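Below is one structure, written out as structure tokens; comments come after it.
Computed from a prediction, not measured in an experiment: that's the story for all the values here.
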Amino acid sequence: MKPKSKILIIAGSDSSGGAGIQADIKTVTSLGSYAMTAITAVTAQNTNGVKSVIPIPENEIKNQIVYTSRDIKPDAIKIGMLHSSKVVEKVIQSLRQIKVKKIILDPVMVAKGGTKLIDAKAIQIIKKKLIQNVSLITPNIPEAEILTGNKIKNKEDMIFAANQLINLGAKNVLIKGGHLKSKKVEDIFLSKSDFKIFVSLRYNTKNTHGTGCTLSSAITTFFSCGKSIKKACDLGIKYVNSAISTNPKYGKGHGPINHLNSMKIEKKFY
């Protein structure tokens, strides 16, 4: 099977394999594309939480992005964890240099266990300089609250926040509704000319670690292969739902989802 496209992932590493770069590589690979990486931080974590975060120097992050792209030009880029203002600035510089048009930003700010993964200055630079230079931003509700400064308690608040992000310069917004306590999960897609609510079943499971990383990588992969941004969101949400419903039940805390759910495995593995 030949890869359908080439994806560069800019994100942090998750030692437990459920989120971050590891989830991104698994997602891109299982959907049939080729994954490259620029690692922004190394975390020690498991399904119970984050023990430590070691940042990669910002010049090394830029080197990873530029040197990799100079040889193998990515069709699309997925951006995840950017932990400091210096890292955000270097990533923006790198993007200007490599000139890739299809960019998906997952503004990773808080870990599943509540650990904050980004500083206040970095958030301001994302709002002022990065949002307008990407194709889509995919915040969950806590991240959308941080970016807009407003509490989100219902679907109407989500739509209002999505409009605020458009006003900040975002071309397309997908606010994920998993944090709301509702029977169905509603994700809000908005652009200046389009609007859609994606409605999904809510699965009764604590094993949802890495869903945000996985979704943004799945969207990036579908988008890189020629799907429209809205269709890529639709297909990405379906992929994540399938991955949640078939999760392997690993770990004692928030376990990973099943990134192999779209792969047909012909052999038995012993």
Side-chain angles (χ1 to χ4, degrees), residues 5-11 24 27-28 33 38 65 69 73-82 88-109 118 122-150 152 155 157-177 186-198 212-237 239-240:
S5 66
K6 308 177 295 293
I7 310 291
L8 175 63
I9 305 149
I10 305 168
D24 298 326
T27 301
V28 170
S33 290
I65 296 167
S69 302
K73 182 78 181 277
D75 298 300
I77 294 172
K78 174 260 167 84
I79 303 174
M81 179 182 171
L82 305 175
V88 180
E89 293 279 18
K90 284 290 180 186
V91 167
I92 292 168
Q93 284 176 27
S94 305
L95 295 176
R96 285 195 194 117
Q97 220 169 313
I98 63 174
K99 295 176 181 169
V100 173
K101 289 181 180 176
K102 294 183 176 182
I103 305 170
I104 308 299
L105 172 62
D106 180 25
V108 179
M109 295 178 179
I118 191 169
I123 292 166
Q124 289 307 311
I125 297 170
I126 287 170
K127 286 170 69 171
K128 289 176 182 174
K129 295 185 181 180
L130 185 56
I131 283 179
Q132 55 265 54
N133 290 311
V134 303
S135 310
L136 172 75
I137 181 169
T138 64
N140 60 26
I141 283 173
E143 290 156 356
E145 288 179 333
I146 290 168
L147 287 167
T148 63
N150 288 324
I152 297 173
K155 180 171 65 180
D157 291 344
M158 288 173 71
I159 295 168
F160 182 71
N163 274 293
Q164 284 182 291
L165 291 170
I166 293 289
N167 291 336
L168 283 173
K171 296 178 182 76
N172 299 279
V173 178
L174 181 71
I175 298 186
K176 301 167 288 189
E186 294 180 313
D187 301 316
I188 304 294
F189 173 83
L190 184 70
S191 70
K192 284 185 177 176
S193 59
D194 209 348
F195 171 73
K196 185 170 175 65
I197 300 174
F198 296 104
C213 307
T214 300
L215 176 60
S216 53
S217 287
I219 292 169
T220 306
T221 307
F222 288 120
F223 189 40
S224 74
C225 294
K227 301 292 183 190
S228 71
I229 196 73
K230 186 167 80 169
K231 186 62 179 174
C233 290
D234 185 18
L235 292 169
I237 290 165
Y239 171 76
V240 170

In the structure I gave you, are the side-chain heavy atoms of Leu130 and Leu95 within less than 4.5 Å of one another anywhere?
yes

Would the number of heavy atoms belonging to other residues, nucleotides or ligands and lying under 6.0 Å from NZ of Lys171 be above 12?
yes

Atom pair NZ (Lys102) and CD1 (Ile7), whose distance is rounded to the nearest 0.5 Å:
9.0 Å

What is the distance from atom CZ of Phe160 to atom OG1 of Thr148, rounded to the nearest 0.5 Å?
8.0 Å

Heavy-atom side-chain proximity of Asp194 to Ile229 below 4.5 angstrom:
no

Does a side-chain heavy-atom distance below 4.5 Å link Thr138 with Leu215?
no

Nearest heavy-atom neighbours spanning Pro139 and Ala144:
CB-N, 3.8 Å

Can you confirm whether Ile188 sits close enough to Phe195 that some side-chain heavy atom of one is under 4.5 Å from a side-chain heavy atom of the other?
yes

Hey, does Ile131 have a side-chain heavy atom less than 4.5 Å from the side chain of Leu165?
yes

What is the minimum heavy-atom distance between Gly236 and Ala218, and which atoms define it?
CA-CB, 3.9 Å

Note: Ile123 and Met109 closest approach over all heavy atoms is CG1-CE, 4.2 Å

Quick one: does Ser135's side chain have a donor or acceptor within less than 3.5 Å of a partner on Ile103's backbone?
yes

So Cys233 and Leu136, do their side chains get closer than 4.5 Å, heavy atoms only?
yes

Contacts of Lys73 meeting side-chain contact (heavy atoms from CB on, under 4.5 Å) (sequence neighbours excluded), chain-then-number -> Val100

Does this structure show an ion pair linking Asp187 with Lys176, if we count only N-O contacts that are shorter than 4.0 Å?
no

Looking only at heavy atoms, what is the nearest atom pair of Ile65 and Ser94, with distance?
CG2-CB, 3.7 Å

With rounding to the nearest 0.5 Å, note down the distance linking CG in Leu147 to CD in Glu143.
7.5 Å

Would you check if there is a donor-acceptor pair between the side chains of Lys78 and Ser216 at a distance under 3.5 Å?
yes

Could you tell me which non-hydrogen atom of Ala122 sits nearest to which non-hydrogen atom of Val88, and how far apart they are?
CB-CG2, 4.0 Å

Is it the case that Ser217 and Thr27 place a side-chain donor and acceptor less than 3.5 Å from each other?
no

Minimum heavy-atom separation for Ile152 to Ala161, with atom names?
CD1-CB, 3.8 Å

So, do Phe222 and Asp234 sit near enough that their side-chain heavy atoms are less than 4.5 Å apart?
no

Which distance, rounded to the nearest 0.5 Å, do you find between the CD1 of Ile175 and the CD1 of Ile137?
8.5 Å

Nearest-0.5 Å distance, CG of residue Leu190 to CD1 of residue Ile166:
4.5 Å

When rounded to the nearest 0.5 angstrom, what is the spacing between NZ in Lys230 and CZ in Phe198?
6.5 Å

